[in-house]
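Below is one structure, written out as structure tokens, with a few remarks after it.
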Amino acid sequence: MAAKVATRPPAETLSLWKREQARLKAFVVDRDTEAWQRDPAFSGLQRVGGVDVSFVKGDSVGACASLVVLSYPELEVVYEDCRMVSLTAPYVSGFLAFREVSFMVDAVRRLREKEPHLVLFVDGNGVLHHRGFGVACHLGVLTDLPCIGVAKKLLQVDGLENSTLHKEKIRLLRAGGDSFPLMGGSGTVLGMALRSHDHSTKPLYVSVGHKMSLEAAVRLTHGCCRFRIPEPVRQVGG
DNA sequence: GCGACAG
DNA sequence: ATCTTGTCGC
């Protein structure tokens, strides 16, 4: 009989997970901590990484945890790590990290010749999250590396909605690099919608993961886009 | 009850 | 995440 991951965790588990998110959230740094982040050309940055856990078709447990490192600004793959893993938690919106982050942390640990200025792109959100602590924050705090959350779809949280007005703002993004802020209910900027290149209509949703300002995160994301999806995430996903 | 729901 | 069909542009 094939092993299966529970459909949805019991309420007690979700409660524990929320508590863990609240505890770790206190360690998030949402500003630039590295010298290269303030440089107009990101001089000093040499490595950008991407992490992802991709599924095996027809299997609810088996998955492949991957980490790639690319040179910057050339965006050529210089390191790849892929390992088969067994998932233990189901996907629940708002709790993606509890399904994937431990495998990402393991992959980062295996990267022994760790580049001094590595920054990680995470397929998912950072502070643009139900409780302000998405998977990109979670990975950042656990690894102490700068992390950027890049989501392909808007997570509608804290007053954000995929409304007519939102779609109109998307229409007004004309060139690659154009962006507009995503304001939460309290007037806080949670993230930015970014047109990642000239020939992409559908924006990316960029938010701070850890050790980086939103401005630097958006600018670097744009700098890593040859196509709609930033190269570190595109190369790690397949 | 209904819509929404990162990956 | 996955699947599926159609359509457009190069």
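These numbers come from a predicted model, not from an experiment. In what follows, chains carry the letters A, B, and so on, assigned in the order in which the sequence lines appear, proteins first and then strands, with residues in each chain numbered from 1.
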Let me have DNA chain C in dot-bracket notation, would you? Count Watson-Crick plus G-U wobble pairs, both distances under 3.5 Å, and use [ ] for pairs crossing earlier ones and | for inter-strand partners.
..........
Hey, could you give me each pair passing side chain to side chain donor-acceptor pair (under 3.5 Å) that has a residue in residues 172-185 of chain A? Not counting sequence neighbours.
none
Donor-acceptor pair between A/Asp32 and A/Ser213 side chains, under 3.5 angstrom
yes
Look at all strands and tell whether A/Phe98 reaches a base, only sugar-phosphate, or nothing, counting heavy atoms closer than 4.0 Å.
nothing
Sugar-phosphate means primed atoms, P, OP1 and OP2; the rest is base. With that split, encode nucleotides 5-10 of chain C 5' to 3' as B, S or - using protein heavy atoms under 4.0 Å.
------
Cation-pi between A/Arg47 and A/Tyr72: NZ/CZ under 6.0 Å from ring centre and within 45° of the ring axis?
no
Phosphate oxygens OP1/OP2 of C/dC3: is one of them under 4.0 Å from a side-chain N or O of A/Lys57?
yes
Mind checking the CG-CD1 spacing from A/Leu194 to A/Ile170? Nearest 0.5 Å is all I need.
11.5 Å
Please measure how far the C1' atom in B/dC5 lies from the corresponding atom in C/dT2, and state the result in whole Å.
15 Å
Which pairs with one or both residues in residues 204-235 of chain A pass disulfide (SG to SG under 2.5 Å), sequence neighbours excluded?
none
Testing the basics here: between A/Pro9 and A/Pro90, what is the closest heavy-atom pair and its distance to 0.1 Å?
CD-CG, 3.7 Å
So if I apply the side chain to side chain contact (heavy atoms under 4.5 Å, CB included) rule between A/Pro146 and each of A/His117, A/His210, A/Glu34, which one comes out positive?
A/Glu34
How far apart are the closest heavy atoms of A/Leu155 and A/Leu128, and which atoms are they?
CD2-O, 3.8 Å
Counting only heavy atoms and a strict 4.0 angstrom limit, can you tell me which residues of residues 121-135 of chain A come near DNA chain B?
A/Asp123, A/Gly124, A/Asn125, A/His129, A/Gly134, A/Val135
Return each pair, listed once, that meets side chain to side chain donor-acceptor pair (under 3.5 Å) where at least one residue sits in residues 126-138 of chain A; pairs must be two or more places apart or across chains.
A/Gln21-A/Arg131
State whether A/Asp123 and A/Lys152 are salt-bridged, where the test is any N-O pair (Lys NZ or Arg NE/NH1/NH2 against Asp/Glu carboxylate O) under 4.0 Å.
yes
Scan A/Gly94 against the nucleic acid and name what it touches under 4.0 Å (heavy atoms): base, sugar-phosphate only, or nothing.
base
Using the disulfide (SG to SG under 2.5 Å) rule, collect all pairs that involve residues 21-81 of chain A, keeping only residues at least two apart or in two chains.
A/Cys64-A/Cys82
In dot-bracket form, how is DNA chain B paired, counting a Watson-Crick or G-U wobble pair only if both its distances are under 3.5 Å and using | for bases paired to another strand?
.......
Which ILVMFWY residues are connected to A/Phe98, directly or by a chain of links, through side-chain heavy atoms under 4.5 Å apart?
A/Leu14, A/Trp17, A/Val92, A/Phe95
May I have all residue pairs that pass side chain to side chain donor-acceptor pair (under 3.5 Å) and include part of residues 195-207 of chain A, sequence neighbours excluded?
A/His166-A/Tyr205
According to the side chain to side chain donor-acceptor pair (under 3.5 Å) rule, which pairs have a member within residues 93-108 of chain A, sequence neighbours left out?
none
In this structure, would A/Ile148 and A/Phe180 fall into the same cluster of hydrophobic residues linked by side-chain contacts under 4.5 Å?
no
Hey, where on DNA chain B does chain A first and last touch, going 5' to 3'? Cut-off is any atom under 4.0 Å from a heavy atom.
B/dA4 to B/dG7
